[in-house]
Amino acid sequence: MLTARVLAGAPLALVILALSGCSSPWDCTDTTAKRGEAGVRVQVEDTSGRPLGVTAEVVDWRLEPHPQVPSEADQVHFRFHFDGVDEISQTRDHAVDACAVDKGRVVLGCRTIYSSQAFGPADDPHTGDDWMAVEHPEQVAGMLLIPNDQSYHGRTCEQDIKDGGGPHPPEPPSRGDRL
């Protein structure tokens, strides 16, 4: 008799679990967003490829010794600008990958830059700068930005079977990748 009551209550328990947001291991799926088209000026996009209303741009770049280690090889010193970032969106820090490339758009090095780094002078408050060391600085022909917003890194299914999964930004380009 007890067995019959337990079996009778099982469907109700499953309904309660489903409505509570609990999911089973086979319901969790991780996806990786497609890497957007690299450019000097890009519209920052979410993991679905939708524009976020923020533009990132490489303003200029040059090779020069880093002031803290002037005896080492030249590094890429680049300035960037985030447009569309205001007091409201500053609560969310947008991030894109900035990559030094050669004439064939082959990656020599990348680093993630954040809109919060763009706190330039009062006349241009959304501009920032950064440095990047690359193995062969003489091969650098330009700086490109990848439009995918790298600021959100949700938990994967492996990390959290119940609440993880969903879309994730693409991995940053590796040295030797062509943009």
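Computed from heavy atoms alone, side chains included, the values below leave out hydrogens, waters and symmetry copies.
- In this view, Pro167 and Thr31, Thr47 satisfy the side-chain contact (heavy atoms from CB on, under 4.5 Å) rule, not counting sequence neighbours.
- When every heavy atom of Ala100 is checked against every heavy atom of Val76, the shortest pair comes out as CB-CG2, 4.4 Å.
- Side chains of Pro147 and Val44 form no contact here, defined as non-hydrogen atoms less than 4.5 Å apart.
- Closest of all the heavy-atom pairs between Met143 and Ala98 is CE-CB, 4.0 Å.
- With a 4.5 Å cut-off on side-chain heavy atoms, Val96 and Tyr114 do not count as touching.
- Summarising the geometry of Pro51 relative to Gln43, their closest heavy-atom pair is CB-OE1, 4.5 Å, with the distance given to 0.1 Å.
- The shortest side-chain heavy-atom distance between Leu179 and Val107 falls under the 4.5 Å cut-off.
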(request) May I have the step-by-step check of side-chain hydrogen bond (donor to acceptor under 3.5 Å, both in side chains) for Asp93 and Ser116, ending in yes or no? (result) CA-CA 6 Å; Asp93 197 13; Ser116 62; 2.8 Å; yes

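- The existence of a salt bridge linking Glu37 and Arg105 is confirmed by a sub-4.0 Å separation between a basic side-chain nitrogen and an acidic carboxylate oxygen.
- The number of heavy atoms from other shown groups lying within 6.0 Å of CD (Glu138) is above 12.
- No continuous path of hydrophobic side-chain contacts links Val106 to Leu63 [ILVMFWY only; heavy atoms under 4.5 Å].
- With hydrogens and angles ignored, the 3.5 Å screen pairs a side-chain donor or acceptor of Asp30 with a backbone N or O of Cys157.
- Looking only at distances, no side-chain donor or acceptor of Thr127 sits under 3.5 Å from a matching main-chain atom of Ala118.
- Checking side-chain atoms of Glu72 against main-chain N and O of Val69 turns up no donor-acceptor pair under 3.5 Å.
- Both Leu52 and Val42 are assigned to one and the same hydrophobic cluster, defined by single-linkage of ILVMFWY side chains at heavy-atom distances under 4.5 Å.
- Looking at heavy atoms from C-beta onward, Thr156 lies in side-chain contact with His168 at the 4.5 angstrom threshold.
- Counting heavy atoms from C-beta on, the side chains of Pro173 and Arg35 come closer than 4.5 Å.
- Taking the six-membered ring for Trp and thresholds of 30 and 60 degrees, Phe78 and Phe80 have ring planes inclined between 30 and 60 degrees apart.
- Ring geometry for His126 versus His81: interplanar angle over 60°, hence perpendicular rather than tilted (30 to 60°).
- Across all their heavy atoms, Arg111 and Trp131 have their closest contact at NE-O, 2.9 Å.
- Residues His136 and Leu108 form no side-chain contact, since every pair of their non-hydrogen atoms from C-beta on lies 4.5 Å or further apart.
- For the atom pair CE (Met132) and SG (Cys110), the distance works out to 6.0 Å, reported to the nearest 0.5 Å.
- Only one option out of Asp129, Asp97, Asp130 pairs with Ile113 in a side chain to side chain contact (heavy atoms under 4.5 Å, CB included); it is Asp130.
- Pairing each heavy atom of Ala95 with each of Ser151, the nearest pair is CB-N, 3.8 Å.
- Heavy-atom minimum distance, Ile146 versus Cys99: CG1-SG, 4.3 Å.
- Formation of a donor-acceptor pair under 3.5 Å by the Arg41 side chain with backbone atoms of Val58 is not found in this model.
- Interatomic distance, Gln139 CD to Asp102 CG, rounded to the nearest 0.5 Å: 6.5 Å.
- Under the 3.5 Å distance criterion, the side-chain polar atoms of Asp149 are left unmatched by any main-chain donor or acceptor of Glu45.
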(request) Could you check Thr112 against Gln150 for side-chain hydrogen bond (donor to acceptor under 3.5 Å, both in side chains), going step by step and ending with a plain yes or no? (result) CA-CA 8 Å; Thr112 303; Gln150 294 289 332; 5.6 Å; no

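- His66 contributes a side-chain N or O that, together with a main-chain N or O of Gln68, makes up a donor-acceptor pair within less than 3.5 Å.
- The environment of CD in Glu171 is sparse: at most 12 heavy-atom neighbours from other residues, nucleotides or ligands sit within 6.0 Å.
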